[in-house]
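Step one of this worksheet: look at the structure below.
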Amino acid sequence: MQAQLRKLAAMLNALQTRIVAIAIFLAAVAGFSAAVGVFGYMSALDQLEQRGQSDLALASDRLTGELQRYRELAVLMADHPVVAATVMGNPDGAADLLRRTADKTGSLDILIVSGDGTELSSATDGDPIFHGALPYFERAKDGAMGVYHLVHDRYDQRTFLFAAPVFSEEGPVLGAVVVVVNVDAVEAVWRGANPTVFFTDDLGVTFISNRSELVFSARDVDVVPRTTSAEYSSEILKPFMTHSVSEWTGLPLWSVQDQPYVPETALHLSLSLPVIQMTGEALLNVAPARTLASLQAGVAAAICLAFGAMLFFATERRRTLAEANAQLESAVAERTVELSDINAQLRQEVSERIATEAQLTKAQSDLVQAGKLSALGEMSAGISHELNQPLMAIRSYAENAEAFLERGKTDVAGQNLSRIAELSRRMGRIIRNLRAFAKQESEGLTDVDLGGVISAVLEITEARTKASNVTIEWVPPARPIIVRGGEVRLQQVVLNLVSNAMDAMEGQSQPQRIEIDIDTVDGRVELYVRDSGPGLDEPDRIFDPFYSTKQVSQDGMGLGLSISYGLVQSFGGMIRGRNHPRGGAVFTVTLDPSNSAEVAA
Ligand code: ADP
């Protein structure tokens, strides 16, 4: 439970860290893209200004170029002899000249004005006006080129006027030629073109523009009529477009209201045009620049976000892998601990088993000794009988030999003595067997002649077999059959089998028979001991320690077969007991043949 809570807390912590990192990243992206946007806007405005300057210069050039023609016309006309004659008081042919010239040059009107401002002749038929005191005429009278613009009552439209002085031959100014230009006609060519361009005079009134709505808009409507003498009647003047001005990197940006044909936000540029006494102004739409800048900012943000997302997913992937790895490692560590525990347990068990085995081996060797002692006891009766008999015979042979010697029958005495010698050899053999049997054998495995072992056992039991009338069916092999084992221990095993067979058949009326045979099966030596007794009561239990069905008189301890089992196993062999189908018990001892010895077929 606690571990789960800890895990949950760690997860929340990691989530919080991630959210903070993402927020910081987003803020950085926002800052970066804003910077890109600002920079883009600045450079776009820069470019816009350059383009606007040239556009404005171009528009101004076109206007001044157009007007220049009329200015030059005025100068040329001033030198015309008819004009000079008119100024001198002879207006013949003047009206005709003026009309033709006006038609050819597209001028609205051409006037010849006397030195006092009186109109002497004109191309049109309107009422003559008095030009005295009007600025253009004043300039012309001063011998300079008079330039002026106004809404003339006579023409009822915007006009541009160029007044050129007419000099007398002596020098003083006699009058002036005034060329009246129709502004509408000049303006018509570039109406509606981009950008928004307008030309304002020194009163702040927009006089010419490619946006007709702007014409006659005055920056200060109230000031104009008071400062000017005649140009505009206050009815035609209207307020200048409502706008606020802000600065952006030193460039004036106008926010214009309620002007359908003027950009809402525009860069304002101006150019002074002294030739026509006006200021050219242009309003450049900054919306494309803004769009471009926001596009650049958007692209920058998108790239940053894409990059960030890639980075995020890569980090997430690495984190997931690291977590999986950590889980795996902890699982491995847990499993290792478990395995170490199991290993320690196994070691403990192994050492316990080794100890138990040692105990068992000890118990087994004790039992072997006990078995030997019991066998010794068993044999002692037979042996004492066996030894007693030759001893009695030796005694009588000795006594006989003594008598024969007294009688001088040395040859018969010698026969008796040699019988004595043979009997004592036999006794010696019996005693040697007994000694070997009593001695605890602890040597390892050696090569043992199985046939010899069987003969030795039959010799030991000979007395009993004879007494009990047991037939031993045993044909000693022609050649030694050498097996791996311990001679005395093997004797003990065979003796036990033969003794058990005799015990089983004891007192039975049928012929008592023990068959002993040696065979070779699959390269191993097999010894069979079969009897004609009643067979095994419980074949499964015969090798159990202390299992015995024997009478008290037979002195059975139930250890003989279990000891034999252990001994044969220690030779690397095997012992089995079963009932023969035709009656009696049969025991099989399987042993390994000696490596060097030949095994009898
Ligand atoms: P013990 O001879 O002291 O009884 P063993 O271990 O030698 O102990 O024999 C165990 C038992 O196996 C015997 O008591 C007997 O019941 C049975 N047994 C062994 N050999 C034979 C045999 N040849 N025929 C019948 N029973 C046998």
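Just so you know, ligand 1 is whichever comes first in the structure, and atom 1 is the first atom listed for that ligand.
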(message) Contact between ligand 1 and Ala501 is defined here as a heavy atom of the residue under 4.0 Å from a ligand atom; is it met?
(response) yes
(request) Please confirm whether Phe587 comes under 4.0 Å of ligand 1, counting heavy atoms of the residue only. (result)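 Yes.
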Would you tell me whether [X] and [Y] have side-chain atoms, one donor and one acceptor, within less than 3.5 Å of each other?
X      : Y      : result
Thr549 : Asp537 : no
Gln348 : Glu352 : yes
Glu399 : Tyr397 : no

Quick check on contacts: which atoms of ligand 1 are under 4.0 angstrom from a heavy atom of [X]?
X      : result
Gly560 : 5 (P), 6 (O), 7 (O), 8 (O)
Ile542 : 12 (O)
Ala585 : 22 (C), 23 (N), 24 (N)
Lys550 : 1 (P), 2 (O), 4 (O), 14 (O)
Ala504 : 22 (C), 24 (N), 25 (C)

(message) Is there a polar contact between ligand 1 and Ser562, counting only N or O atoms under 3.5 Å apart?
(response)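 Checking ligand 1 against Ser562, no N or O pair falls under 3.5 Å apart.
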(message) Taking distance alone, with N or O pairs closer than 3.5 Å, would you say Leu536 contacts ligand 1?
(response)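 No, since none of the N or O atoms of Leu536 sits under 3.5 Å from an N or O of ligand 1.
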Which bit of [X] is near ligand 1, meaning a heavy atom under 4.0 Å away: side chain, backbone, both or neither?
X      : answer
Asn496 : side chain
Ser548 : both
Asp531 : side chain

(message) Below 30° counts as parallel, above 60° as perpendicular, anything between as tilted: where do the rings of Trp254 and His268 land?
(response)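 Ring orientation, 0 to 90° scale: parallel.
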(request) Run the salt-bridge test on Asp519 and Arg524 with the 4.0 Å N-O cut-off and return the result as yes or no. (result)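 Looking at Arg524 together with Asp519, the answer is no, because their closest N to O distance does not fall below 4.0 Å.
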(request) Could you tell me whether Lys466 and Glu462 make a salt bridge, using a distance below 4.0 angstrom between a side-chain N and a carboxylate O? (result) yes
(message) For Lys362, give me all partners under side chain to side chain donor-acceptor pair (under 3.5 Å), at least two apart in sequence or on another chain.
(response)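 By the side chain to side chain donor-acceptor pair (under 3.5 Å) rule, Lys362 matches Asp366.
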(request) Go through the structure and list residues passing side chain to side chain donor-acceptor pair (under 3.5 Å) with Arg513, not counting sequence neighbours. (result)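 Expected list: Glu473.
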(request) Look up atom OG1 in Thr471 and atom CD in Gln512, then write down how far apart they are to the nearest 0.5 Å. (result) 8.5 Å
(request) With atom 25 (C) of ligand 1 as the reference point, say which of Gly577, Pro534, Gly535 has the nearest heavy atom. (result)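 Looking at heavy atoms only, the winner is Gly535.
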